[in-house]
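Have a look at the structure below before the remarks.
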Amino acid sequence: MKNIVVLGSTGSIGTQTLDVCRMHGFGIKALSAGRNTGLLEKQAREFQPEYVCIFSEDAYSDMKQRLSDTNIKVLCGMEGLCSLAGLKCDIVVNSVVGMVGLVPTLEAAKAGNDIALANKETLVAGGRLVTDCVKSNNVRLLPIDSEHSAIFQCLMGAGSNRPEKILLTASGGPFYGWTRDELSDVTVEQALRHPNWSMGAKITIDSATLMNKGLELIEAVRLFDVKPEQVEIVVHRQSIIHSAVEFADGAVIAQLGTADMRIPIQLALTYPERLTSPAKRLSLSDVGELTFGRADEDTFICLAAAKKAIAMEGNAPCIVNSANEAAVALFLQRKIGFNDIGEAVCGALGSVKFIPEPTLQDILDTRTAAEEYVAQRFGG
């Protein structure tokens, strides 16, 4: 019986995490949501956690009322989220969206909890603050992202052999092969139609701009302690090979599977064991063919900005991540165009103050500065 805390339980990763927990009878210690009180109530009544947290403080009264006939303790805000992360448990699943996940990740590590991480912004923005905290508290940081889980799996049997290159695969999103001019008229509805994956709105837009791949490149550098130039992005439209690792002798080990996030979620929860999964089995004969190509960084400038940011290090990854979060929110509100997202990210990287060795407060201040830059430039 596992004892699990799920941060972001009402989102795409969170609901699929509960699918896995339901299948294997894992116990839930706590659940959290942003403001979806209806679904959080339903989950709480099914899994009977000790705690729930609703992040939006104006939804707190509603959440308390909904669970008033239970013994479940209701918390709210960042303080509540951090309290959940610090509970004694087997593992904390961090699947919240955006930099909101940074401080709870640090709190989970300080409490001695292993972390299953789907919140890539934590590692992108926090960098060494996170990896050093994980090491000093001797906890495990297990990736949930399909690509990073794939890399992790490729390295599981590698012993002391280090990767010479990481092949980070990308679907290319819905606009692979489009020109920058063609992208100028992209609508929110078009950008939300991912060809292979069913995900939340923010990550789906990131996949369309290829910012998601830039963030994943930064995350790979952090997780696997490689240099940025050791990570090669390969466009693989079928999303069957989830990533691969090349070793010094030229051997390439890849992890394949159907496009189902429950596979990497379950491995993070059960590592090093592999249990029966609810995911559909892969049939290569049904797939037929696998194709590969290069990412167009001249058109998808978010990816180029992310590469530049990780080469700079310091707070530069936080700058591009925070500017992207702000710009994607404006795009989803239909206040800016699709190409404006990349312009915002690149502009912020050149405008927000660079700090070579940022503290946690510097990271939080950088986030604010990047958000203010985007708001001032685009009138958000």
Side-chain angles (χ1 to χ4, degrees), residues 8 10-16 34 36 95-100 118-121 124 145-147 168-219 233-239 259 261 293-307 309 320-349 370-371 373-375 377-380:
T10 59
S12 176
I13 296 297
T15 54
Q16 291 178 89
N36 191 341
S95 60
V96 302
V97 177
M99 265 187 67
V100 171
N119 172 250
K120 60 175 61 65
E121 293 88 349
V124 170
D145 264 351
S146 60
E147 294 84 358
L168 188 66
T169 56
S171 71
F175 309 125
Y176 180 63
W178 288 38
T179 67
R180 192 151 179 79
D181 285 343
E182 290 171 329
L183 291 172
S184 62
D185 296 324
V186 161
T187 65
V188 171
E189 290 75 18
Q190 287 175 307
L192 286 173
R193 287 198 290 267
H194 194 281
N196 300 333
W197 296 94
S198 175
M199 306 176 290
K202 195 266 182 181
I203 190 174
T204 304
I205 301 300
D206 284 350
S207 294
T209 64
L210 293 195
M211 184 62 179
N212 192 50
K213 210 49 52 178
L215 298 178
E216 288 177 0
L217 185 151
I218 296 171
E219 190 179 5
I233 294 173
V234 179
V235 176
H236 169 52
R237 298 292 283 164
Q238 295 81 15
S239 296
M261 284 303 301
R294 289 185 171 84
D296 181 359
E297 295 178 31
D298 293 329
T299 299
F300 297 92
I301 59 177
C302 283
L303 176 55
K307 281 189 171 184
V320 295
N321 176 76
S322 302
N324 178 68
E325 282 189 34
V328 169
L330 291 177
F331 175 69
L332 287 170
Q333 296 164 25
R334 306 173 196 274
K335 294 181 178 178
I336 65 173
F338 184 80
N339 282 338
D340 291 331
I341 299 172
E343 296 295 338
V345 170
C346 293
L349 186 58
E371 290 172 342
Y373 168 84
V374 174
R377 177 167 177 183
F378 294 98

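Model, not experiment: these values are computed from the prediction.
- Electrostatic pairing of Glu121 and Lys202 counts as a salt bridge here, judged by a charged N lying under 4.0 Å from a carboxylate O.
- Pairing each heavy atom of Glu182 with each of Gly177, the nearest pair is OE1-O, 4.4 Å.
- Expressed to the nearest 0.5 Å, how far CD of Gln238 lies from OG of Ser171 amounts to 10.5 Å.
- Atom OG1 of residue Thr15 and atom CE of residue Met261 lie 11.0 Å apart, to the nearest 0.5 angstrom.
- In this structure, Arg237 contributes its side chain and Ala170 its backbone to no donor-acceptor pair below 3.5 Å.
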Exercise for review: Output, in order, the C-alpha distance, side-chain angles, deciding distance and verdict of side-chain contact (heavy atoms from CB on, under 4.5 Å) for Phe175 and Thr299.
Suggested key: CA-CA 10 Å; Phe175 309 125; Thr299 299; over 6 Å; no
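- The nearest pair of heavy atoms linking Met211 to Val320 is CE-O, 3.6 Å.
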Practice item. Dump the intermediate steps for side-chain contact (heavy atoms from CB on, under 4.5 Å) on Asn119 and Val97, then the final yes or no. Key: CA-CA 6 Å; Asn119 172 250; Val97 177; 5.8 Å; no
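- The side-chain contact (heavy atoms from CB on, under 4.5 Å) test with Val374 is passed by exactly one of Ile341, Leu330, Val345, Asp340: Leu330.
- Heavy atoms only, all atoms of each residue included: Ala295 and Leu210 are closest at CB-CD1, 4.2 Å.
- In this structure, CG in Leu215 is found 6.0 Å from CG in Asn324, a value given to the nearest 0.5 Å.
- Once rounded to the nearest 0.5 Å, the distance linking CD1 of Ile301 with CG of Asp296 reads 11.0 Å.
- Put simply, CD on Glu147 and CG on Leu168 are 6.0 Å apart, with the number rounded to the nearest 0.5 Å.
- Of all non-hydrogen atoms in Leu183 and Phe338, the two that sit nearest each other are O-CB, 3.7 Å.
- For Arg180, the salt bridge (charged side-chain N to carboxylate O under 4.0 Å, His left out) partners two or more places apart in sequence, or in a different chain, are Glu343.
- Across every non-hydrogen atom of Ala118 and Ile13, the tightest pair is CB-CG2, 3.9 Å.
- Atom CG of Asn339 and atom CG of Asp185 lie 9.0 Å apart (nearest 0.5 Å).
- A donor-acceptor pair under 3.5 Å is formed between the side chain of Glu325 and the backbone N or O of Met99.
- Taking each heavy atom of Ala208 and Ala191 in turn, the nearest pair found is CB-O, 3.9 Å.
- Ser95 places a side-chain N or O within donor-acceptor distance of the main-chain N or O of Gly8, the cut-off being under 3.5 Å.
- The closest side-chain donor-acceptor pair between Lys120 and Asn321, if any, does not fall under 3.5 angstrom.
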